[in-house]
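Structure first, then comments.
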Number of protein chains: 2
Amino acid sequence: MVIELAAAIVSLDAEAPKILLVRPGEAGQRPSLPCGPFDPSGHRTLEEGLRTWVREQTELHLGYVEQLYTFGDRFRDPTERVGGPRPVSVGYLALVRQTAVKNAGRGPGETAWGDWYRHFPWEDWREGAPAILDALLAPGLEGWIAETADKTERQRRRERVNLAFAFGGGAWDNEKVLDRYELLYEAGLVFEAAFDRDPTEIGRGGVGRGAEPHLKSGGALIKDHRRILATAMGRLRAKIKYRPVIFELMAPTFTLLQLQRAVEALSGGRLHKQNFRRLVAHEGLVEPTGQMSGATGGRPAELFRFRREVVHERPAPGVRAPVRVRRVSA
Amino acid sequence: MVIELAAAIVSLDAEAPKILLVRPGEAGQRPSLPCGPFDPSGHRTLEEGLRTWVREQTELHLGYVEQLYTFGDRFRDPTERVGGPRPVSVGYLALVRQTAVKNAGRGPGETAWGDWYRHFPWEDWREGAPAILDALLAPGLEGWIAETADKTERQRRRERVNLAFAFGGGAWDNEKVLDRYELLYEAGLVFEAAFDRDPTEIGRGGVGRGAEPHLKSGGALIKDHRRILATAMGRLRAKIKYRPVIFELMAPTFTLLQLQRAVEALSGGRLHKQNFRRLVAHEGLVEPTGQMSGATGGRPAELFRFRREVVHERPAPGVRAPVRVRRVSA
DNA sequence: AAGCCTTATACTTAATTTGAGTATAAATGG
DNA sequence: CCATTTATACTCAAATTAAGTATAAGGCTT
């Protein structure tokens, strides 16, 4: 059995969260995350194996690395054969500063930074509710619910959809990224699902159902890499609330607005500016440097830096600011 | 490569958190968690594999199951040979109600419920600071810090110890169970560490150093099973704060004090009674049944039940009550 | 039966935190 | 010099929290 190690390497380019992708070797193929097999004889730990692979493939030396989840489902990869070797993949989240980013090439096998919302357009609520939600996903999911004849199963599907997508009046939870992706996958609304079917089931209508919308439901990746990416996104959104991981993505000094935009970019929603600065100051997350930033269009802002001591002072230091997400468009 | 699936199955017996253990086959051996190898041809998913193994070994049908972490470190198992097969284990947390508990036997290979604080005596602060902390762990860790000649490394160790054990005046964080266990392991203060050494290093003093205290630092388990248990404990302590998982361990109806004792048992600290009940009522986590409990010594208390609807109402429903942990003894 | 122990539950109070503003300051580009 | 943009200080009411006090309702003891 081969264990594949795959990394969702996240960076932040101003207001856009980026993800490092490896270009497909052949045309028509989908991109992948940097990844490679775990080598029990060479790698001392799983994480070290991952770091080694990433270093080889991208020339990046990872700083912050966190294990996400281990997936072992059958038939998530269209090239998997019945009775063939079973893929087991361990997904990781890594954070790198934009300054460390280099050598993204255009050729096959080379790496490139992509916008993570291209793969999950329904997750970005910064400019109001994403259009794709009402235009494609809601009707698509509605169809998937109606599709089953069993009443209990229908109810179960409706419940899951309402919870994950907040259709039933509930509040949109920006951490439920994986739940939403899995539902879309099951409902056949993401590209991968059109291919990744149990081959023994092909012909039973799996592939046929509405090839059109799949193409629009975000950029697909190879194997289960978009699932790993969804896990990374959800985990990161949760983690910035109680660990100061956001600073892994920031330059050594930054203005409070830059910090706010960074949090907003990852969270996919807006924050209340005045309360945000009160919060980060009060929590002791940042301290003023005394220097001023080269004004970007208005009054110059003071530059701040991360206060490392905060981890000793409070048990769970993070940006606890409530993310505002609303249905009314901006 | 073989992937081992192992489950930390937690239950709650009144005020004692319990963990399901499998008795060692031979005398002198340590107990283990229920576990078994992942079978790529038989198991559709990793989690299904785990459920199957647990069903076979314990006749328990698991309800709530959650993946914790995948460990792939070398030489965590004393029986591991240099160049031998590499152990990779996926740890799971499962929660079962005490009512579902049965057939715990006394013979080898049979299961038995053990107190989880027997394996982590330093984690139970309900009756004040655990004695083992000042008596054994603090001096032991101090020795480990002093042991290295490199000043930077010494500083690094001190920082880690202070953070995890709150020696430097910080607050004890009841979620840092794994950090603490790993430190004790590295410092050679837990039983496992006396055995689990890189065999190539044996003779360099690893095993020799103070065999005495190891035996007292909590009940050891086979392989890296205590590490999985530590992960489970930390995860569960974190999770009850934002997911209503505590109800997976409660009877269908319960008094508010029973619920409070359950939370305290897992958290390892005390809660403020009046505020606790205000909290669970206000969060909408429970609803009164109208029935009264058979009084256990005082005024009869009303029985409550879990309000399932709460998951639709708020994004992260859980018992957010602050756990009080203090150095002064009760 | 009275008094005491135990547990339950209602209510109070002050301090703190939160959400949502308003007001004013300091830069730039016409 | 004025509109625009961004920064930052300050306000204010509502909600939440921490830590009580007060009272109720059982059983057990003497």
Side-chain angles (χ1 to χ4, degrees), chain A residues 14-15 171 241-242 253-264 267 269-304 313-326 328 330, chain B residues 14-15 171 241-242 253-264 267 269-304 313-326 328 330:
Chain A
E15 314 213 354
K241 288 170 194 152
Y242 61 92
T253 67
F254 44 82
T255 70
L256 292 181
L257 188 59
Q258 285 171 337
L259 184 63
Q260 181 182 342
R261 293 291 180 238
V263 174
E264 289 175 342
S267 307
R270 288 295 174 195
L271 306 176
H272 184 284
K273 185 169 172 174
Q274 294 91 327
N275 290 348
F276 174 78
R277 48 173 45 238
R278 179 177 61 188
L279 184 118
V280 293
H282 189 284
E283 294 253 295
L285 284 167
V286 298
E287 63 188 359
T289 63
Q291 289 164 286
M292 290 308 209
S293 96
T296 45
R299 169 175 169 179
E302 184 159 13
L303 288 169
F304 287 76
E313 295 164 1
R314 32 180 73 250
V319 184
R320 240 174 232 74
V323 176
R324 293 188 301 185
V325 127
R326 50 188 131 199
V328 294
Chain B
E15 312 212 356
K241 288 172 193 150
Y242 61 91
T253 66
F254 44 81
T255 70
L256 292 182
L257 188 58
Q258 286 171 338
L259 184 64
Q260 181 182 340
R261 294 291 181 237
V263 174
E264 288 175 343
S267 307
R270 289 294 174 196
L271 307 177
H272 183 283
K273 186 169 173 174
Q274 294 91 328
N275 290 347
F276 173 79
R277 47 175 47 238
R278 180 183 59 194
L279 184 119
V280 292
H282 189 284
E283 293 252 298
L285 284 168
V286 298
E287 62 189 0
T289 62
Q291 289 164 286
M292 290 308 208
S293 97
T296 44
R299 171 176 169 179
E302 184 161 13
L303 289 169
F304 287 75
E313 296 164 2
R314 33 179 71 251
V319 183
R320 239 175 234 75
V323 176
R324 293 188 301 185
V325 125
R326 49 187 131 197
V328 294

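Each chain gets a letter, A, B and so on, in the order the sequences are listed, and its residues count up from 1.
- The 5' end of DNA chain D is approached more closely, in terms of each residue's nearest nucleotide, by A:Leu256 than by the other of A:Leu256 and B:Arg320.
- Following rounding to the nearest Å, A:Leu259 (CG) and D:dT8 (P) show an atom-to-atom distance of 13 Å.
- Rounding to whole angstrom units, CZ of residue B:Phe254 and P of C:dT7 are separated by 19 Å.
- Rounded to whole Å, the distance from CD on B:Glu302 to P on D:dG26 is 13 Å.
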Verdict with reasoning, B:Phe276 to B:Val319, per side-chain contact (heavy atoms from CB on, under 4.5 Å):
CA-CA 8 Å; B:Phe276 173 79; B:Val319 183; 3.6 Å; yes
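- Within the 4.5 Å cutoff, side-chain heavy atoms of B:Arg270 are placed close to those of B:Arg261.
- Residue B:Leu285 holds its CG atom at 7.5 Å from CZ of B:Arg314, rounded to the nearest 0.5 Å.
- Atom NZ in B:Lys273 sits about 18 Å away from atom P in D:dA18, given to the nearest Å.
- For B:Glu302, the side chain to side chain contact (heavy atoms under 4.5 Å, CB included) partners two or more places apart in sequence, or in a different chain, are B:Pro288, B:Met292, B:Phe304.
- Distance CZ (B:Phe276) to P (D:dT17): 14 Å, rounded to an integer number of Å.
- Between the side chain of A:Gln260 and the main chain of A:Leu271, a donor-acceptor pair closer than 3.5 Å is present.
- In this structure, NE2 of B:His282 is placed 15 Å from P of C:dA10, rounded to the nearest angstrom.
- When the nucleotides C:dA20, D:dT16, D:dA19 are ranked by their closest atom to the side chain of B:Arg278, D:dA19 comes out on top.
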Would you list the protein and nucleotides 21-28 of chain C atom pairs, both N or O, that sit under 3.5 Å from each other?
from, atom 1, to, atom 2, distance (Å)
C:dG21, N7, A:His272, NE2, 3.3
C:dT22, O4, A:Gln274, NE2, 2.7
C:dA25, N3, A:Arg299, NH1, 3.0
C:dA26, O4', A:Arg299, NE, 3.4

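- Side chain of A:Ser267 to backbone of A:Gly269: no donor-acceptor contact under 3.5 angstrom is found.
- Mapping A:Leu279 and B:Ala301 onto DNA chain C via the closest heavy atom, the residue that lands nearer the 5' end is B:Ala301.
- The side chain of B:Leu257 lies closest to C:dT7, out of D:dT8, C:dT7, C:dG19.
- Checking side-chain atoms of B:Thr289 against main-chain N and O of B:Leu303 turns up a donor-acceptor pair under 3.5 Å.
- In this entry the distance linking CD of B:Gln258 with P of C:dT9 reads 11 Å, nearest Å.
- Separating the CD atom of A:Gln260 from the P atom of D:dA7 is a distance of 9 Å, rounded to the nearest angstrom.
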